[in-house]
Each structure stands twice: as C-alpha cells, then as structure tokens.
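Below is one structure; the comments refer to it alone.
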Amino acid sequence: MAGRTRTVTVEQARRIAVRAQQLDGSARGVLRTVQRLGFLQLDPIASVAPAQQLVLWSRLGPFDPAELDRLLWVERKLFEWNAFVWPIESLPLIRARMRRHRRANTSARERWTRNFLEQNAGFRRYVLRELERRGPLLGRELEDRGGGRGRGHRWYGSRQVGLLLEAMHRRGDVAVVGRKSGQRLWHLAERWYPKTETVSLREAERILAEQRFRALGVRLEKGEWHAHPDVSDAPVSDRVTLLSPFDRLVHDRDRAEALFDFRYRLEMYVPPAKREYGYYVLPLLVGDRLVGRVEPRFDRKTRKLELLGAWGDTSRLDEALDELAAFLGAERS
C-alpha cells in the first residue's frame with residue numbers, strides 16, 4: 001500500500017478525509033455506513049445522543065435508531081465487541097484479537113486480567129454454566145462470586161461480575177447479545193457468533209490497518225499528507241453538520257489540528273472552572289472545514305434541545321441544530 005499512496009496538499013487532504021468519512025453527503029443507510037467506516041465507537045455519555053447515534057446522524061441526517069438495534073440484535077449484520085460496533089464481516093479479524101487477549105501477558109493490565117481470571121476460575125465456570133442454562137442474562141442477574149475485595153472500579157464499583165464479564169468478552173468467551181434498559185445482555189459466544197474462517201493475528205491486523213487507512217483517507221507522515229489511492233480529492237459540498245467528540249474525523253486530536261487548524265479537546269473530565277469551552281462540545285463542520293464549536297444539551301424530560309454555548313463561525317449553526325432537533329424529536333429552546 002505504501003507504494004500506491006500519493007502525496008497531497010493539506011487542502012486536498014481535508015477534502016479526502018471528509019469524503020473518506022462519508023461526511024460529504026454520500027452516506028446511504030446504517031449498514032453501508034458502518035461497513036464503510038469500519039466500526040462505531042460506543043460511549044455511555046449521552047448529553048445529546050449516544051456517540052454511535054451521533055456519528056451516524058452526522059452522515060445520514062435524521063435516521064431511525066431502531067435500525068441500528070435491528071442490525072445488531074435481530075439480523076446480526078453488526079456485532080458489539082470491546083466498546084465498538086463492527087460489521088459481521090470483521091468477525092474473523094476480531095476473533096484473532098480475541099485469541100491474542102487469551103494469550104496476552106505483557107502489559108500491567110494484561111497481567112492483572114490473567115491473574116484475576118486465574119484467581120476466579122470457579123467464578124468463571126459458574127458464569128458459563130448460568131449462561132448455558134438461563135442465558136441471555138444481565139450482569140445483575142448473576143451472583144457476584146468474586147474472591148476477595150473488589151478494587152472499586154469506576155464503572156463496576158466493588159462488584160466483580162462486571163469485570164469478569166468484560167474480561168471474558170474480550171477473550172471471546174461471552175458475547176453481548178442485546179440491551180435491556182441500556183444494560184448489556186450476555187450469552188455464550190458460541191451461541192451468538194456465526195462460524196468463521198480462522199485468520200492469523202498478523203493478517204488480521206494488516207487488513208484492519210488497511211481498512212482504517214481507507215476510512216480515514218489520509219495520514220500524516222514526516223510532515224507530508226499521504227492519501228489512500230481509492231478516495232477522491234474532488235471538492236465536497238458545503239454541507240453542514242455537528243460531530244460527536246468520538247467521530248473519527250476528530251478522534252485523533254493532533255491529526256485534526258494539523259489537518260483543519262482546529263484545536264479540539266473533550267473537557268468532560270476537566271474541572272468546570274478550568275474548561276476553555278464546555279462539558280460536551282461538538283465541532284461544527286461546513287464542507288471540508290471545521291469552523292466552530294457548540295455545546296448543545298438535550299433534556300429528555302422536556303424534549304427540548306438547549307444551546308449552552310457557541311464559539312467560532314456559527315453563521316450556519318441553525319441549520320445543523322434544526323436537523324439535530326428533528327433527529328431527536330426535540331423542540332429547540
């Protein structure tokens with residue numbers, strides 16, 4: 001692939017990046033969009049909407065979120081693994097990563113996970129038996145049989161069943177097979193995932209890297225922008241939209257700054273007094289330029305979309321907010 005890339009100007013790189021991420025108005029349908037992007041990141045913070053829904057809305061405009069659930073839990077054309085939604089075609093590649101998690105023992109986290117599973121072998125067998133007998137189950141429907149004191153995890157607290165399920169999930173023992181009131185439903189992986197070919201880890205990482213490059217369109221190497229050969233640098237329309245903080249166009253903050261001359265940081269975990277902008281601020285994209293940023297908030301009780309702050313060139317902000325409100329079924333306040 002290195003020999004097939006081409007060096008482009010930053011202006012060309014911006015157009016390529018926007019087009020590769022399907023933010024040029026070319027996106028068609030939830031499934032095709034996820035397949036083109038490669039994955040959707042999941043995140044529990046939903047000041048406006050869940051991250052995966054915002055990413056799709058930025059490309060598709062108002063769409064039915066139930067379609068994403070149907071593709072995940074009914075048609076199984078998508079699957080959830082390790083806080084990402086993947087096309088089912090990527091399952092052989094992800095299974096290679098699952099096998100790696102079973103063997104991994106290099107980093108401190110990997111060693112901790114291995115020790116945790118060894119110390120809780122009986123707990124793991126209990127979970128597998130219960131899922132086989134009663135699954136699918138929520139984590140709270142399983143007894144917390146972890147040995148010793150919990151370490152006070154920021155998400156799971158002192159209950160260790162969540163930690164165990166997460167570790168087993170990464171290793172491919174259990175799968176997320178649905179959600180109930182926002183909570184994950186778990187089942188045995190062998191009862192959920194289809195059979196696939198076996199791909200080596202090295203080949204899987206090569207294919208995934210190529211897919212990422214295709215989805216991003218450009219990468220910065222030694223001060224030069226190198227473009228994927230399959231993405232056009234033709235002008236893009238002046239379409240306007242807002243981006244999730246987890247959108248891949250801005251996920252790599254340094255890359256976004258080099259590409260768009262736009263410094264963006266997510267300040268959720270910054271003390272309020274030290275924030276430069278706000279808690280959950282979304283970049284404003286017009287055409288192939290990031291021109292401003294805004295902090296909307298959706299009140300689900302009143303069904304109102306509030307604007308807490310706006311910075312930069314917001315001359316076309318109303319267009320984006322009107323479309324966002326239509327997607328949320330909200331009234332602008």
Side-chain angles (χ1 to χ4, degrees), residues 34 37-44 51-52 72 76 78-132 135-139 142 144-148 150-151 153-156 159-179 183-212 215 246 248 251:
V34 179
L37 297 178
F39 51 77
L40 296 175
Q41 184 170 350
L42 302 171
D43 189 81
Q52 67 274 19
L72 275 163
R76 304 193 196 182
L78 302 174
F79 70 99
E80 181 178 330
W81 182 74
N82 205 23
F84 289 88
V85 171
W86 305 83
I88 198 63
E89 294 85 359
S90 294
L91 182 56
L93 312 178
I94 298 306
R95 276 187 157 144
R97 288 186 171 178
M98 292 174 180
R99 293 193 301 273
R100 180 194 175 276
H101 277 289
R102 292 184 206 128
R103 300 189 301 265
N105 194 32
T106 303
S107 69
R109 179 182 178 182
E110 290 167 348
R111 289 192 294 272
W112 185 92
T113 300
R114 179 177 288 271
N115 291 335
F116 174 76
L117 289 170
E118 289 175 354
Q119 293 167 6
N120 289 278
F123 188 12
R124 176 179 175 275
R125 288 193 296 270
Y126 156 75
V127 168
L128 292 173
R129 284 197 308 269
E130 290 299 291
L131 290 177
E132 182 177 16
L137 297 173
L138 297 168
L142 292 161
D144 195 49
R145 296 187 176 186
R151 62 174 185 172
H153 194 277
R154 62 174 179 169
W155 291 331
Y156 307 114
R159 273 179 60 84
Q160 296 189 51
V161 67
L163 285 168
L164 182 69
L165 286 166
E166 199 68 56
M168 294 171 67
H169 180 47
R170 286 195 299 270
R171 293 159 63 100
D173 297 327
V174 299
V176 181
V177 303
R179 288 183 181 261
Q183 300 299 305
R184 288 176 292 185
L185 275 170
W186 299 94
H187 206 359
L188 298 177
E190 63 190 30
R191 293 193 179 178
W192 185 254
Y193 296 137
K195 293 186 181 298
T196 64
E197 62 179 324
T198 299
V199 180
S200 71
L201 179 62
R202 181 176 181 179
E203 179 66 4
E205 293 298 345
R206 184 194 67 78
I207 295 171
L208 288 167
E210 164 61 14
Q211 291 177 351
R212 283 195 301 272
F246 303 96
R248 290 292 136 171
H251 184 265

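Put simply, CD1 on Ile94 and CZ on Arg99 are 11.0 Å apart, with the number rounded to the nearest 0.5 Å. Atom-to-atom distance recorded for Glu205:CD and Glu210:CD is 13.5 Å, nearest 0.5 angstrom. If you take CG on Leu40 and CG on Leu78, they are separated by 7.5 Å, rounding to the nearest 0.5 Å. Atom-to-atom distance recorded for Arg171:CZ and Arg124:CZ is 6.5 Å, nearest 0.5 angstrom. The line from CZ of Phe39 to CD of Gln52 is 13.5 Å long, rounded to the nearest 0.5 Å.
Asp144 approaches Gln160 most closely through the heavy-atom pair OD1-N, 2.8 Å. Heavy atoms only, all atoms of each residue included: Ala189 and Gly172 are closest at CB-O, 3.2 Å. Residues Ala96 and Ala204 come closest through the heavy atom pair CB-CB, 3.7 Å. Shown here for Ala51 and Asp43, the closest heavy-atom pair between the two residues is CB-CB, 4.0 Å. Nearest heavy atom pair, residue Thr196 against residue Pro92, reads CB-CG, 3.7 Å.
Between Arg170 and Thr113 there is a side-chain heavy-atom pair separated by less than 4.5 Å. For the pair Gln211/Ser90, a side-chain contact is recorded, criterion being any heavy-atom separation below 4.5 Å from C-beta on. His169 has its side chain within reach of Val176: a pair of non-hydrogen atoms, C-beta onward, lies under 4.5 Å apart. In this structure the side chain of Phe123 never reaches within 4.5 angstrom of the side chain of Leu117, judged on heavy atoms. Using a 4.5 Å cut-off on side-chain heavy atoms (C-beta onward), Trp81 and Leu91 make no contact. Side-chain contact between Arg97 and Leu208 is present, with at least one heavy-atom pair separated by less than 4.5 Å. In this structure the side chain of Leu164 never reaches within 4.5 angstrom of the side chain of Arg145, judged on heavy atoms. A 4.5 Å side-chain heavy-atom check between Leu37 and Arg248 finds every atom pair outside the cut-off.
Classification of Arg206 and Glu203 as a salt-bridged pair holds, one side-chain N sitting under 4.0 Å from a carboxylate O. With respect to Arg184 and Glu166, a salt bridge is recorded, a charged nitrogen being found less than 4.0 Å from a carboxylate O.
Arg114 places a side-chain N or O within donor-acceptor distance of the main-chain N or O of Arg103, the cut-off being under 3.5 Å. A side-chain donor-acceptor contact under 3.5 Å links Arg191 to the backbone of Glu132. Side chain of Arg111 to main chain of Thr106: a donor-acceptor pair is present (N/O by atom type, distance under 3.5 Å, no hydrogens or angles). Side-chain atoms of His187 never come within 3.5 Å of backbone atoms of Ala175 as a donor-acceptor pair (strictly under, hydrogens ignored).
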**Asked** salt bridge (charged side-chain N to carboxylate O under 4.0 Å, His left out) between Arg100 and Glu110: does it pass, once the steps are laid out?
**Response** CA-CA 11 Å; Arg100 180 194 175 276; Glu110 290 167 348; 3.1 Å; yes
**Request:** In sequence, state the C-alpha distance, the side-chain angles, and the governing distance for Leu128 and Met168, and then conclude on side chain to side chain contact (heavy atoms under 4.5 Å, CB included).
**Result:** CA-CA 10 Å; Leu128 292 173; Met168 294 171 67; 3.5 Å; yes
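Each of Leu137, Val177, Leu138, Leu165 was scored for a side chain to side chain contact (heavy atoms under 4.5 Å, CB included) with Trp186, with one residue passing: Leu165.
The aromatic rings of Phe84 and Trp86 sit tilted relative to each other, their planes meeting at an angle between 30° and 60°.
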